[in-house]
Protein chains: 2
Amino acid sequence: MQRNTIQRSLTLKAVQTLRCHPTAEQVYNAIKETCPSISKGTVYRNLNQLAESGHIQKIELTDGAAHFDHRCHKHYHVTCLACGRVFDADVALPDLERFIQNSHGFQFLGYDLMFKGICPACSASSQHSDTTENPTP
Amino acid sequence: MQRNTIQRSLTLKAVQTLRCHPTAEQVYNAIKETCPSISKGTVYRNLNQLAESGHIQKIELTDGAAHFDHRCHKHYHVTCLACGRVFDADVALPDLERFIQNSHGFQFLGYDLMFKGICPACSASSQHSDTTENPTP
DNA sequence: CTGTGTGCAAAAGATTTGCATTATG
DNA sequence: CATAATGCAAATCTTTTGCACACAG
């Protein structure tokens, strides 16, 4: 059975209050400020478990680290090719799953969609940015 | 200037003849059979360079290793959540880029789309498969 | 010849895991 | 008090990189 630990609720709260689609590393650093004894392994375990249970959403990009999102309703993301940050893409899209129903004997369960581009901040500076802030695109 | 080396053409040929969206590891193993002296670093360098020059396509939206595809026309993929293999998803989709033009000051350059599900082989066996074959879904 | 590409091994980065210990229910 | 979760460190997995040498143009 699943237990409520301080570490788990801190992990969830960190993803919810950091509004920037943080990586595990960023979540870890945020929690360390109030709970310096937390370990990175615990953060990873809790992030995965929270994603599994549907409390948060895991955004995987193979290229670099995974990001985590506290918004669980259906929406899409866009990543900046310059700074690597992930933003919400506020667009209405057709339901792609209906395009692939019943084809090839494959049991379809969903899809990942990630738009790519250059965020306003990077466009303005025309150079790579390593900041961890989250300006609105 | 770019040079034609045996290793580079072997890398391209391996992606083209392995019809299974191989990972770098699989490409490396395939080449080693005819060219045992090739190194993994060279395979990675060549795969990235071939993807950069548009000869092959790098597929990154999976957890785990990147896959490479010799088909360069616009099409989509589906990955099996059980065995991790990547297949072509033969579907016609609306052009998603038109949904996101000019929003938020973000300069959109494209998108990655990956369907997820369970392939016929894994559905049949109801268990994890580690094979590197590529049965038609 | 010039400098790009290779092979090797080490390094880097993200994530997982084994294990003894802690603390939740 | 049973056992899920933690902290720590080591291990794993994928990919990149530094460097001396080889070879394509």
Side-chain angles (χ1 to χ4, degrees), chain A residues 1-15 21-53 55-68 79 83-86 128 130 132, chain B residues 1-15 21-53 55-68 79 83-86 128 130 132:
Chain A
M1 198 195 64
Q2 202 158 301
R3 294 177 183 178
N4 286 338
T5 62
I6 295 169
Q7 292 86 344
R8 179 158 310 144
S9 55
L10 283 175
T11 304
L12 178 57
K13 201 180 69 173
V15 176
H21 304 85
T23 62
E25 180 81 23
Q26 293 174 314
V27 171
Y28 171 66
N29 289 331
I31 298 176
K32 258 199 316 189
E33 292 186 8
T34 56
C35 178
S37 66
I38 200 169
S39 81
K40 203 174 278 191
T42 295
V43 172
Y44 274 99
R45 268 185 293 238
N46 281 328
L47 285 172
N48 283 333
Q49 191 179 305
L50 288 166
E52 192 87 14
S53 62
H55 289 87
I56 60 176
Q57 196 186 340
K58 187 174 186 175
I59 309 169
E60 305 203 69
L61 264 191
T62 300
D63 188 14
H67 294 248
F68 295 86
T79 184
C83 64
R85 285 177 293 175
V86 170
H128 185 285
D130 272 324
T132 55
Chain B
M1 198 195 61
Q2 203 157 303
R3 294 178 181 178
N4 286 339
T5 63
I6 294 169
Q7 292 87 343
R8 179 159 310 146
S9 54
L10 284 174
T11 303
L12 178 56
K13 202 179 69 171
V15 176
H21 304 84
T23 62
E25 179 81 25
Q26 292 173 316
V27 171
Y28 170 67
N29 289 330
I31 298 176
K32 257 200 314 190
E33 292 186 9
T34 57
C35 178
S37 67
I38 200 169
S39 82
K40 202 173 280 191
T42 296
V43 172
Y44 273 98
R45 269 184 291 238
N46 281 328
L47 285 172
N48 283 332
Q49 190 178 306
L50 287 166
E52 192 86 16
S53 62
H55 290 87
I56 62 176
Q57 196 187 339
K58 189 173 186 176
I59 309 169
E60 302 203 88
L61 210 54
T62 59
D63 57 346
H67 293 249
F68 294 87
T79 184
C83 64
R85 287 177 292 177
V86 170
H128 185 283
D130 272 325
T132 55

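Within every chain, numbering begins at 1; the chains are lettered A, B, ... in the order of the sequence lines, protein sequences first and strands thereafter.
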Any [X] side-chain heavy atom under 4.5 Å of [Y] side chain:
{"X": "B:Arg85", "Y": "B:His21", "value": "no"}
{"X": "A:Leu12", "Y": "A:Ser9", "value": "no"}
{"X": "B:Gln2", "Y": "B:Arg8", "value": "yes"}
{"X": "A:Phe68", "Y": "A:Ile59", "value": "no"}
{"X": "A:Thr23", "Y": "A:Gln26", "value": "yes"}

So does [Y] get a backbone contact from the side chain of [X], meaning a donor-acceptor N/O pair under 3.5 Å?
{"X": "B:Ser53", "Y": "B:Gln49", "result": "yes"}
{"X": "B:Glu33", "Y": "B:Ala30", "result": "no"}
{"X": "A:Thr11", "Y": "A:Gln7", "result": "yes"}

Check this one for me: any side-chain N or O of [X] less than 4.0 Å away from OP1 or OP2 of [N]?
{"X": "B:Thr5", "N": "C:dT6", "value": "yes"}
{"X": "B:Ser39", "N": "C:dT6", "value": "no"}
{"X": "A:Arg3", "N": "D:dT3", "value": "no"}
{"X": "A:Gln7", "N": "D:dG7", "value": "yes"}
{"X": "B:Asn46", "N": "C:dT6", "value": "yes"}

Check the distance between [N]'s [atom2] and [X]'s [atom1] and give it to me in whole angstrom.
{"X": "A:Gln49", "N": "C:dT15", "atom1": "CD", "atom2": "C1'", "value": "16 Å"}
{"X": "B:Gln2", "N": "C:dG3", "atom1": "CD", "atom2": "C1'", "value": "14 Å"}
{"X": "B:Tyr28", "N": "C:dT6", "atom1": "OH", "atom2": "C1'", "value": "13 Å"}
{"X": "B:Ile6", "N": "D:dC23", "atom1": "CD1", "atom2": "P", "value": "9 Å"}
{"X": "B:Asn4", "N": "D:dC23", "atom1": "CG", "atom2": "C1'", "value": "13 Å"}
{"X": "A:Ile38", "N": "C:dT21", "atom1": "CD1", "atom2": "C1'", "value": "17 Å"}

Could you check whether A:Glu52 pairs with A:Lys58 (Lys NZ or Arg NE/NH1/NH2 to Asp/Glu carboxylate O, under 4.0 Å)? no
Bend across the helix from C:dC1-D:dG25 to C:dG25-D:dC1, to 10°, with axes taken over 5 pairs at each end? 40°
B/S/- along nucleotides 13-20 of chain D (protein heavy atoms under 4.0 Å) is -SBBBB--
